[in-house]
Amino acid sequence: MRVSAVQHSQELTQELAFPSLRQGLQQLAGADMASQSSEGIIKLSREELEALKAAFEEGNLTGVASRLQEMLESLESIQLDMGITGETGAGKSSFVNALRGLGDEDVGAARTGVVETTREPTPYQHPRYPNVTIWDLPGIGTPDFHPDSYLEQVGFSHYDIFFIIASHCFTANHAALARHIQAMDKSFYFVRSKVDVDLDSSLKRRPSSYSEVGVLQEIRQNCLEGLQAQGIRSPQVFLLSAFDLSKYDFHLLGETLERELSYHKRHAFLMALPNISLHILEKKKAAMLEHMWLVSTVACGIHATPIPGLLISCDVDVLARTLQGYCKGFGLDDDSLEKLAAQMGQPVEQMKAVIKSPLAKEISNILVVQLLLQAGSEAPKLAKEVLSSVPLLGSLASGALSFATTYKMLRSFVNAVAADAQRVLIKAFNLDAKK
């Protein structure tokens, strides 16, 4: 069969364009991709890269962008509902507030007290991510408590995960509730709260022999043995203080949820976490590096308009909203900075003084174009590589170059705001930058 000139050109484009582009993208993303674990980003990125590869080879970035836009919208809007339960006085409401980055006396905080203050399931939306809702559930310590009727009362099916909280030993009520949740194929996590109080009491009682590690191990072992005695197999217990989530087992709880939640739910949970440690900031940065593959494709494939001064087209509105979202995720918006400064008793100007990148409110379409121009001027080799690999300039070449430039801009911005977030955290908590 005779091969037409058009077919030959297309085949040549397929042979040359994508490998060359792929090498360029690997150069752009290499350090970031190498730093990620095999979970999450590698699996997702492979799927995206396969879709991108087909689109680049077919010269149809719009087609793949339409498909990936659904993934992006789902990722950013997926609802995550977390139920917080436990006995009266265990610190349920304080834990709800801590997950939302609020103090017990902040506006919009869940009510706290030594007596039961929650009579029915009460939803609390996350201040920056309204798709994440944390539910303060009624206490389970009443004499007539029955786990099956309790779960029906609180609307069991509505929640993605449960946190079962105790401030002392886990009781038969906790274990019975856990068994019923497990029987209904839902996830639950045991949280031993107020360990800071136990540590302080132990220090006062045994100052000469006090060991924080030893006390925590004693608490953990006591909880595990108590749950095993109630028939819970291989229980996991996380030791926490709602007044300082950066200590004890909160990072372990976060890593467990990352492993066990579905990808979209995991992304929502991670982005909603309070910025209380350098470890969490690194996790958020990794999530954003995943996210920008989708954003770059959608921005360059749907409603894209030419950028003056560059041989690319993209949707500047989408990119501006994305950069604003990255700033908010790292706590670089005015509300987050003012709240952090108030909590730490520092002037907000001191927080802002260490920030070098634009704040969320400063991001405009004009700024996005400036950042794209900067990214384009810093990638002449990639531009030449992409364009020279395509014999006939067409949608493939412009789409590939638009994607590469947009991705580079987003990656550079995330690197900058992540560094700013680290500086703010170090300034606020007087952390050692090497930790």
Tell me every residue that passes side chain to side chain contact (heavy atoms under 4.5 Å, CB included) with Lys265, counting only those two or more places apart in sequence or in another chain.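 In terms of side chain to side chain contact (heavy atoms under 4.5 Å, CB included), with neighbours along the sequence ignored, Lys265 is linked to Ile78, Leu80, Asp160, Leu261, Ser262.
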
Just to verify, what does Ser241 make a side chain to side chain contact (heavy atoms under 4.5 Å, CB included) with, not counting sequence neighbours?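 Result, side chain to side chain contact (heavy atoms under 4.5 Å, CB included) vs Ser241: Asp196, Phe243, Tyr248.
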
Short question: side chain of [X], backbone of [Y] - any donor-acceptor pair under 3.5 Å?
| X | Y | result |
| --- | --- | --- |
| Thr256 | Leu252 | yes |
| Arg192 | Leu240 | no |
| Lys186 | Tyr159 | yes |
| Arg100 | Gln125 | yes |
| Gln324 | Ile363 | yes |

Minimum heavy-atom distance between Gly331 and Ser336, given as atom pair plus value: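 Taking Gly331 first and Ser336 second, the nearest heavy atoms are O-CB, 3.5 Å.
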
Closest approach of Ala98 to Pro274 (non-hydrogen atoms, all atoms of both residues):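 Heavy atoms of Ala98 and Pro274 come nearest at O-CG, 3.7 Å.
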
Quick check for you: to the nearest 0.5 Å, what is the distance between [X] atom [atom1] and [Y] atom [atom2]?
| X | Y | atom1 | atom2 | value |
| --- | --- | --- | --- | --- |
| Leu270 | Lys284 | CG | NZ | 7.0 Å |
| Leu224 | Ser234 | CG | OG | 10.0 Å |
| Met351 | Lys427 | CE | NZ | 8.0 Å |
| Thr122 | Asp136 | OG1 | CG | 6.0 Å |

Looking at side-chain heavy atoms only, is the closest gap between [X] and [Y] below 4.5 Å?
| X | Y | value |
| --- | --- | --- |
| Phe170 | Ile232 | no |
| Val424 | Phe330 | no |
| Val154 | Trp135 | no |
| Met292 | Tyr326 | yes |
| Val414 | Lys285 | yes |

Begin with the C-alpha distance, continue with both residues' side-chain angles, and end with the deciding distance and a verdict on side-chain contact (heavy atoms from CB on, under 4.5 Å) for Met82 and His126. CA-CA 11 Å; Met82 298 182 280; His126 192 278; over 6 Å; no

Give the C-alpha distance, both sets of side-chain angles, the deciding distance and a yes or no for salt bridge (charged side-chain N to carboxylate O under 4.0 Å, His left out) between Lys328 and Asp333. CA-CA 5 Å; Lys328 290 180 180 179; Asp333 58 290; over 6 Å; no

Residue pair Leu319, Leu371: steps toward the side-chain contact (heavy atoms from CB on, under 4.5 Å) verdict: CA-CA 11 Å; Leu319 295 177; Leu371 295 175; over 6 Å; no

Name all pairs fulfilling the ring pair (Phe, Tyr, Trp, His ring centres under 6.0 Å) condition that reach into residues 352-371, sequence neighbours left out, sorted by first residue then second.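 Ring pair (Phe, Tyr, Trp, His ring centres under 6.0 Å) check on residues 352-371 returns no pairs.
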
salt_bridge([X], [Y]) N-O dist < 4.0 Å:
| X | Y | result |
| --- | --- | --- |
| Lys352 | Asp334 | yes |
| Lys204 | Asp200 | yes |
| Asp420 | Lys356 | no |

Look at the rings of Phe162 and Phe156 and say which category their plane angle falls in: under 30° parallel, 30 to 60° tilted, over 60° perpendicular.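 Rings of Phe162 and Phe156: parallel, as their planes differ by under 30°.
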
Test of ring centre spacing under 6.0 Å for Phe163 and Phe238: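 Here the rings of Phe238 and Phe163 have centres that are no less than 6.0 Å from each other.
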
Can you list the steps and then say if Leu337 with Leu359 is a side-chain contact (heavy atoms from CB on, under 4.5 Å)? CA-CA 10 Å; Leu337 290 170; Leu359 298 175; 4.0 Å; yes

Show your reasoning for whether side-chain contact (heavy atoms from CB on, under 4.5 Å) applies to Asn131 and Ser77. CA-CA 6 Å; Asn131 57 309; Ser77 63; 5.6 Å; no

